[in-house]
Amino acid sequence: MTTQPAKRITDIGPPHYDQMLHPVIKENYGKWKYHETLKPGVLCHVSETGQKIYSVRAGSPRLLSIDTIRWYADLADKYCKGYLRFTSRNNVEFLLDDPKLIDPLIAELNQNGFPVGGTNNAISNIVHTQGWVHCHSSATDASGIVKSVMDELHPYFISEKLPAKCRVALACCLNMCGAVHCSDIAILGIHRRPPKPKHDILGKTCEIPTVVASCPTGAIRPATVDGKQSVEIVEAQCMYCANCYTVCPSLPMNDPLNDGISIWVGGKVSNARSAPAFSKLAIPFIPNNPPRWPEVVEAVKNIVEVWAKHARKFERIGEWIDRIGWKRFFELTGIEFTKHHIDDFKHAGLTYHTSAHLRF
Amino acid sequence: MTTQPAKRITDIGPPHYDQMLHPVIKENYGKWKYHETLKPGVLCHVSETGQKIYSVRAGSPRLLSIDTIRWYADLADKYCKGYLRFTSRNNVEFLLDDPKLIDPLIAELNQNGFPVGGTNNAISNIVHTQGWVHCHSSATDASGIVKSVMDELHPYFISEKLPAKCRVALACCLNMCGAVHCSDIAILGIHRRPPKPKHDILGKTCEIPTVVASCPTGAIRPATVDGKQSVEIVEAQCMYCANCYTVCPSLPMNDPLNDGISIWVGGKVSNARSAPAFSKLAIPFIPNNPPRWPEVVEAVKNIVEVWAKHARKFERIGEWIDRIGWKRFFELTGIEFTKHHIDDFKHAGLTYHTSAHLRF
Amino acid sequence: MADTKYETPMLDELESGPWPSFIKELKKVAPRKPMVQDLLGQLEQSYEEGQGHWKHGGIVGVMGYGGGVIGRYSDLADKFTNCAHFHTIRVNQPAGWFYTSKALRTICDIWERHGSGLTNMHGSTGDIVLLGTTTSELEPTFAELTANGFDLGGSGSDMRTPSCCVGKARCEWACYDTMALTYDLTQSFQDALHRPAFPYKFKIKSAGCPNDCVASIARADLSIIGTWRDDIRVDQEGVKAYEKAGLNIERDVCGRCPARCMEYSGKLMIDNRACVHCMHCINAMPKALRPGVDTGATILIGSKAPIVQGALLSSVLVPFMKIEPPYQELKDLIEKMWEWRDENGKSRERIGELIQRMGMRNFLPAVGLEPNPDMVFHPRANPYVFYDEYFVAEEEGEAQA
Amino acid sequence: MADTKYETPMLDELESGPWPSFIKELKKVAPRKPMVQDLLGQLEQSYEEGQGHWKHGGIVGVMGYGGGVIGRYSDLADKFTNCAHFHTIRVNQPAGWFYTSKALRTICDIWERHGSGLTNMHGSTGDIVLLGTTTSELEPTFAELTANGFDLGGSGSDMRTPSCCVGKARCEWACYDTMALTYDLTQSFQDALHRPAFPYKFKIKSAGCPNDCVASIARADLSIIGTWRDDIRVDQEGVKAYEKAGLNIERDVCGRCPARCMEYSGKLMIDNRACVHCMHCINAMPKALRPGVDTGATILIGSKAPIVQGALLSSVLVPFMKIEPPYQELKDLIEKMWEWRDENGKSRERIGELIQRMGMRNFLPAVGLEPNPDMVFHPRANPYVFYDEYFVAEEEGEAQA
Ligand code: SRM
Ligand code: SRM
Ligand code: SRM
Ligand code: SRM
Ligand code: SF4
Ligand code: SF4
Ligand code: SF4
Ligand code: SF4
Ligand code: SF4
Ligand code: SF4
Ligand code: SF4
Ligand code: SF4
């Protein structure tokens, strides 16, 4: 670290949002009355005062260069009096008070390869994580898969023709920084091989009791290997969660032959209609196939399309499956149901089907 | 045991039911087309052949003297060609082929204090257990409470005016021989004090490792008391399940000051409409108050009446609560919600309310 | 009260009221049964004190059988000497609890001779419960019972007496013959019933349709619940008749269909592929609707009361099985699950708990069943998937070698 | 490709297609950023091999702060020397992710000077993520950031950067001011944010209504979800307009209301006492329906990703709380739960897991809340109820004395 500057400023927190608000927003803060969608990606919020703010939402790779951010700033200056925002799904939203500028803005965005959409019953941006670009934990990449999948789902980003919202998310390991556990479709990187202890250095780099305690299934035991203090992994008890690796670098999990992707479906976050729900396992494993992961793209697309075809209005994927049952879901998507789909973790027994409500 | 008789017959199983069937039933076995209810407690089943069998259902204390059974036999001879049956809820059903005999049979039953009813949307007999009449485990009596409650619910037995079926059950301890865990209303005897080890004899009467292993919460530890091998109970960890007592007589649980009754609601067994469901805690504790347990009677009656008043057609108690929410259930019944209602056993966390679906 | 030995003021209060009184039952036999007189005395004391007075268990039985008798001793034996012993005998009921008056009288006569004269018709598991006798009367009672075609039920770690709903004998909805199956299973597994050799009890209950009138899904390790897989039979005229009679078909039938697969507008339309076979519409209009004709049963596994690890409901094992004599598929399945439990189960662990502990992953292959989405409410939500093996890179293989 | 050091044929394939390309982003700065050139090289190798090439963690940071920087080192440092260090800096976003072009340019300029020129707008927790710099640049970056009014976000076992939905700034449904609250909490708990002293991380997310556009119920230890407790405001003419426009109100609005508390026949009737505040009807007819005016929030606790004991959703703690400055009630509650966790939590145990482990029974009194049926889906189904004390008979007391 460099030496402390003379007058060190700390603990100031973020800038106050007030400085960042478009005048129309500032004036109508808390006074919004209703909104309408002018076209996919373009919202118009109308205030009690009659004033309106127009939002144009553009898709983003999230991993942005400062060049692109500067270009966003230029666009904001040109169309939005200098005001813009980002969304909770990492899209960028340009805030306009002049509806005439909407189409020119969209044209400029499109020209530069930034699609406008993601509103209402669209597939918005994929919430995702670091992958091979920045994380030590990843069982797969993040940005590359997102790019490949969104290239394919792009028609659903720029239109609003789906039965309901469909939220896709990706996390490159079980830590799930993409919080994929509650998504309509989740793409999750998984390991399938127990950690390979580096016996020579483990004792020096890690606290063995901490390592042992870190394993949720108790698969780790202290052991002396070649005269060195280390741990042994009871491989049959390991389900590759990598929690041990998080606490101990000498237990690497990466393994190209066994790492890959799993697909999960039917989760949601909103309380609209049905309660928030976890995503459930659809496809246990697809090998990593960079740079475009065609099998993953195909799997996601298939699920989206089968759902789009069969769901009723307002039915998100999980709500649709609730109605038709998992049996039909597997039939209609052609996905195989395997032993891996049956839970065997802590509360597994509660997922067993305790009724005679069956479809034939 | 007495000595073995010369020709010992074993393993013959029960008599074949064929011998026990009314001729009309035998002839129409498997050919029934539909049924109708002639009046509460009186069913008429109609066969494809056009033949009919009439069933008259009478309430029963279940604990029957052979005198009463002989009287049943007499009635069966008089009205039913000698055929009758018992139900899965321990009522007796007289099977008639002559509808003219129905009313005389009912008259005779009523005269002798045996009510006719229990069909359709009635409250049928209370499934129950041994209690102080026969069991070593009981935290309360069975037959006495059943008698007291049914005296009060009798109007609901002889009519069919409820919104749906309401199944009441009683078990005198957590073993739940009355299988009260899936009843609309369950009356359950509970202990509230840890077992009191008989240190002087425990080591001799019980296998200490078995005793220790029997405790689901790990509240039992081997201990030497006054020089004798025994166990100690970590009282704060004991939730009075009595499983240790079942495996070891030297850990008695009975304790009049602390034993009593809990009331559970909303369970069901049938798959009709909603899936089978467990009963949930309504009232954690009511002291034993023999001979008539007025507080228990009142509590059950209150729940029945509040439900009857508010439920829609075909809504069993659990289905009604599903619709209105537990908050309203507690409000409407005036039952207090306490910390005891919040689960803290194995899967407790899954009962926490993970949505913003709330009623105000 | 002259006929009983003890004053029983508290119990006497339970003689009044519209519901038949068990105290009256006791008093009916008490005059000729000293055992019951003492029982009344002891029970009165229990009522006064608020606690039972029976000692813990005690193993008694009949020769060659390991179950069927529950030993019971008073802890006030000095005071109530006549009910110092008060064992119960569990007797297998005829399937469906059907009796002739003759059969009932036979039992009464035997019990008059050898026991208290008190019974439960029936026990919660389904047995005829003969309530209260002494050790020395057990063998004679047994001899008379078997001589008259009756045999003992279960207790301890054995197969318990199977029981079933009235089924095809008197119910139009029975999707298979519950009584025939129950009789057959009881006979086929006599040894498992009479000689406890399991880690813990095993109960079988058979219901003819999803109404489950024998509570099998809550009270049996093996629950056999009838169902159909073709279309519900609809008599449209019958439906209209219900409407005319005042039933709100749209709201109360279609509106309560859990699959929301019905529509009514003069004609009842059912999307049978979506129907979950709950029985509601049929229950509501028994004269107009009937289950289909391609019938069988769903086999479910594992229900039990809460001790020790919490109550369980049975869960789907085989979504649909034809249930026809000689029931070989079902019997094979039962034997395989028993074998698996014998190998893996702990003492006092029900099969449902064992499956919870070891997982379907271990159980299914053992009983030769393929995973099926009907077995679960939903696939797993956690990412903790076990794999049986993994790939090893060639270099590694070499390195290791 | 001339501008980059390495051939990246696999990555190049990710430049085509209609979705904006992150590879293009990398390549935009690569010409002037050797770090990014090497990053491209290393990433290409990851793509070829199917695995990442970053080493495990590494603690780096700025003076006096325990969080906000994620240390990252290449395990191919010899080959890709320029990205041997590749730390990220997490910077607190303005609430609601609102920016002026000026503010954005300020950040870009700082990052031009001190880092890779790559960012995430934004990280999953909500921070501005400045992606990739060396240890020596951390302190200068920090100095420039604070000089310009920006501060670091969280990492490690601290309070993480709170985030929120757009709320009252642009949404008509916001039931409280999410941005004001988020700003205030972030400022009030600066110390907890910058100096990790918890057993594990703690996240706060604020959504203005039950639509939960910031996924708070799934991704925050403390989820603050706006709601109302009076009646939904209905403009009946507006409703009719939706009908005219083709919305099937009965089927698609009333029929999907989870409380089934709506009826429509020319007029929309809502039983507001039964309404569960799901937002569906309002979502479906935003011009006609609005939340009530007695607004506040539901406070929920405990969500997290699956590591270690399985994922959790947040669960109801306070069904309704008014959310108004100075937010004292909420802050007191937060501090009490932190205290309780500090005392009881294990390292790497989220508060949700701690509550799962110790039970609401222990947690509620610690934070001064009474049990409430809204906290649970349903009361317990198992009979394993603990009591704090029991009665002791007088004799016993004496005997013991
Ligand atoms: C801008 C944003 C909030 C922000 O602060 O950034 C936002 C804004 C709006 N949301 Fe949202 N939601 C935003 C993320 C979310 C999320 C969070 C997420 O996806 O991680 C959810 C929960 C998703 C889930 O359940 O899994 C979410 C669930 C909703 C819903 C409920 C949808 C449902 O049927 O389940 C609505 C209501 C609707 O669309 O009918 C809604 C409605 C809206 C409205 C219409 C609210 C309003 O009146 O302004 C806004 C425009 C919506 C649109 O995109 O059609 N918003 N919305 C977020 C845009 C993300 C994006 O770039 O696509
Ligand atoms: C006789 C008996 C079977 C037996 O083999 O003994 C029986 C017989 C019939 N049941 Fe049952 N049920 C019998 C115990 C049960 C049980 C088991 C129990 O209570 O422990 C259940 C499951 C209860 C539960 O869900 O908790 C049961 C749930 C039903 C249902 C579903 C009711 C519901 O809406 O949930 C029906 C359908 C109906 O009544 O509409 C039904 C319908 C019937 C029908 C109408 C079937 C028929 O067509 O014959 C029979 C006359 C019913 C009546 O009482 O109104 N039966 N029925 C049992 C009578 C017990 C008694 O004495 O009252
Ligand atoms: C007699 C009967 C109650 C009744 O009044 O009807 C009964 C009585 C006893 N049961 Fe039971 N159980 C009876 C049906 C049940 C049922 C209901 C059923 O079978 O449908 C259950 C709940 C379902 C189940 O099996 O889970 C039941 C669950 C238990 C349990 C808890 C088992 C468990 O796994 O959770 C015990 C405890 C034990 O086995 O150690 C138990 C133990 C006992 C013992 C043997 C007491 C003991 O701790 O050893 C009781 C003897 C009482 C006595 O003195 O006669 N009894 N027991 C029932 C048997 C009569 C019959 O054969 O027909
Ligand atoms: C950068 C970011 C992903 C992203 O691409 O956006 C991220 C990146 C990492 N997360 Fe995360 N997490 C990020 C948001 C999340 C979220 C989402 C959220 O906050 O809404 C989650 C799920 C929600 C939750 O908190 O449960 C999340 C759950 C985890 C976990 C699992 C925690 C758990 O209790 O289950 C870990 C493991 C750990 O803490 O040891 C983790 C650990 C990590 C580490 C520090 C890796 C590690 O094992 O130590 C990652 C560093 C990557 C890197 O090299 O930069 N990260 N992490 C997100 C933070 C950016 C920001 O500050 O805005
Ligand atoms: S999900 Fe895993 S691999 Fe991906 S950024 Fe988070 S910790 Fe790293
Ligand atoms: S990966 Fe998970 S399950 Fe496997 S040893 Fe490590 S901590 Fe245990
Ligand atoms: S419920 Fe308990 S006390 Fe009652 S009979 Fe069964 S084991 Fe005995
Ligand atoms: S009663 Fe139950 S919890 Fe208490 S010590 Fe005995 S086995 Fe353990
Ligand atoms: S379970 Fe079905 S078949 Fe059996 S009696 Fe009940 S309704 Fe009839
Ligand atoms: S049986 Fe049940 S699920 Fe099937 S159509 Fe009838 S009501 Fe619906
Ligand atoms: S959570 Fe509610 S208040 Fe916030 S943006 Fe979404 S819809 Fe609007
Ligand atoms: S907010 Fe939801 S629950 Fe309330 S009336 Fe509207 S749709 Fe029904």
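Note that these values count all heavy atoms, side chains included, but never hydrogens, waters or copies made by symmetry. Quick note on labels: first sequence line is chain A, next is B, and so on, each numbered from 1.
When A/G260, A/P216, A/C248, A/A277 are compared by the number of non-hydrogen pairs under 4.5 Å with chain D, A/P216 comes out ahead. Looking only at heavy-atom pairs under 4.5 Å with chain D, the residue among A/S270, A/P291, A/P290 that has the most is A/P291. Interface check for chain D: of the options A/E48, A/R167, A/H128, A/K268, the most heavy-atom pairs under 4.5 Å are formed by A/E48. The choice from A/N28, A/N125, A/L153, A/N110 that makes the most heavy-atom pairs within less than 4.5 Å of chain D is A/N125. Most heavy-atom pairs under 4.5 Å with chain D: of the set A/V247, A/I53, A/T10, this distinction falls to A/T10. No other option in A/S138, A/G144, A/C182 has as many heavy-atom pairs under 4.5 Å with chain D as A/G144.
Taking the centre of each ring, A/W293 and D/Y47 come in below the 6.0 Å mark. A centroid separation of 6.0 Å or more is found between the aromatic rings of D/Y99 and A/Y72.
Between the A/W32 side chain and the D/A169 main chain, a donor and an acceptor come within less than 3.5 Å of each other. Formation of a donor-acceptor pair under 3.5 Å by the D/R256 side chain with backbone atoms of A/K313 is found in this model. At distances below 3.5 Å, at least one donor-acceptor pair connects side-chain atoms of A/S88 with backbone N or O atoms of D/C213.
A salt bridge does not link D/E172 with A/K31: none of the charged nitrogens is closer than 4.0 Å to a carboxylate oxygen. With respect to the salt-bridge test (charged N to carboxylate O, under 4.0 angstrom), the residues A/R8 and D/E139 qualify. Ion pairing of A/D77 with D/K102 is absent here, as no side-chain N (NZ or NE/NH1/NH2) approaches a carboxylate O to less than 4.0 Å. Of the charged side-chain nitrogens involved, none lies within less than 4.0 Å of a carboxylate oxygen, so that D/K24 and A/D67 do not count as a salt-bridged pair. Remark: D/E112 engages A/R70 in a salt bridge, criterion side-chain N to carboxylate O under 4.0 Å. In summary, D/R170 and A/E93 engage in a salt bridge, as defined by a charged side-chain N under 4.0 Å from a carboxylate O. The pair D/E25-A/K147 does not meet the salt-bridge criterion, since no charged nitrogen lies less than 4.0 angstrom from a carboxylate oxygen. By the 4.0 Å N-to-carboxylate-O rule, D/E13 lies too far from A/R292 to be salt-bridged with it.
For chain A, the nearby part of D/L26 is the side chain; its heavy atoms alone come within less than 4.5 Å. Contacts of A/C241 with chain D are made by both backbone and side-chain atoms, with heavy-atom separations under 4.5 Å. Both the backbone and the side chain of D/A311 come within less than 4.5 Å of a heavy atom in chain A. Both the backbone and the side chain of A/V133 come within contact range of chain D, with heavy atoms under 4.5 Å apart. In this structure, the portion of A/K346 lying under 4.5 Å from any heavy atom of chain D is its side chain and not its backbone. Using a 4.5 Å cut-off between heavy atoms, A/D18 makes no contact with chain D at all. Heavy atoms of A/H35 lying under 4.5 Å from chain D belong to its backbone as well as its side chain. At a 4.5 Å heavy-atom cutoff, A/L75 makes no contact with chain D through either its backbone or its side chain. Both the backbone and the side chain of D/K28 come within contact range of chain A, each with at least one heavy atom under 4.5 Å from a heavy atom of that chain. Only the backbone of D/Q93 comes within contact range of chain A, judged by heavy atoms closer than 4.5 Å. Looking at A/H22, there are no atoms closer than 4.5 Å to chain D (heavy atoms on both sides), in backbone or side chain. For A/E319, no part lies under 4.5 angstrom from a heavy atom of chain D. Contact annotation for A/L43: only side-chain heavy atoms (C-beta onward) come within less than 4.5 Å of a heavy atom of chain D. Of the two parts of A/F345, only the side chain, counted from C-beta on, holds a non-hydrogen atom closer than 4.5 Å to a non-hydrogen atom of chain D. Of the atoms belonging to A/N90, heavy atoms from both backbone and side chain fall under 4.5 Å from chain D. Contact annotation for A/F157: only side-chain heavy atoms (C-beta onward) come within less than 4.5 Å of a heavy atom of chain D. Of the atoms belonging to A/S214, it is backbone heavy atoms, and not side-chain ones, that fall under 4.5 Å from chain D. Interface remark: A/T87 contributes backbone atoms only to the contact with chain D (heavy atom separation under 4.5 Å).
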(message) Could you go through A/Q130 and D/L131, starting from their C-alpha distance and side-chain angles, then the distance that decides it, and tell me whether this counts as side-chain contact (heavy atoms from CB on, under 4.5 Å)?
(response) CA-CA 10 Å; A/Q130 296 298 331; D/L131 205 62; 3.5 Å; yes
(request) Starting from the C-alpha separation in whole Å, work towards a yes-or-no answer on side-chain contact (heavy atoms from CB on, under 4.5 Å) for D/T119 and A/I69. (result) CA-CA 9 Å; D/T119 73; A/I69 300 177; 3.4 Å; yes
(request) Kindly indicate, with the supporting measurements, whether the criterion side-chain contact (heavy atoms from CB on, under 4.5 Å) is fulfilled by A/I12 and D/Q190. (result) CA-CA 8 Å; A/I12 57 170; D/Q190 280 290 300; 5.8 Å; no
(request) Could you give me the CA-CA distance, side-chain angles and deciding distance for D/H56 and A/Y245, then say whether side-chain contact (heavy atoms from CB on, under 4.5 Å) is met? (result) CA-CA 9 Å; D/H56 193 287; A/Y245 173 62; 3.4 Å; yes
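Between the side chains of D/N283 and A/R273, no donor N or O sits under 3.5 Å from an acceptor N or O. Donor-acceptor pairing under 3.5 Å is lacking for the side chains of D/Q187 and A/D11.
Across all their heavy atoms, A/P61 and D/F22 have their closest contact at CB-N, 4.0 Å. A pairwise comparison of heavy atoms in A/M176 and D/A305 identifies CB-CB, 3.8 Å as the closest pair. Across all their heavy atoms, A/Y17 and D/D177 have their closest contact at OH-OD2, 4.3 Å. The heavy-atom pair separating A/N288 from D/G50 by the smallest distance is ND2-O, 4.4 Å. Residues D/S124 and A/C177 share a closest heavy-atom pair of OG-O, 2.9 Å. Between D/P20 and A/P115, the shortest heavy-atom distance links the atoms CD-CD, 3.5 Å.
Summarising the geometry, atom OG1 belonging to D/T100 is positioned 8.5 Å from atom CG belonging to A/L84; distances are rounded to the nearest 0.5 Å.
Using the six-membered ring where Trp is involved, A/H134 and D/W54 have ring planes that are tilted, between 30° and 60° apart.
With sequence neighbours excluded, the residues forming a salt bridge (Lys or Arg N to Asp or Glu O under 4.0 Å) with A/E152 are A/K301, listed by chain and number. Checked against salt bridge (Lys or Arg N to Asp or Glu O under 4.0 Å), D/K304 has the following partners two or more places apart in sequence or in another chain: D/E353.
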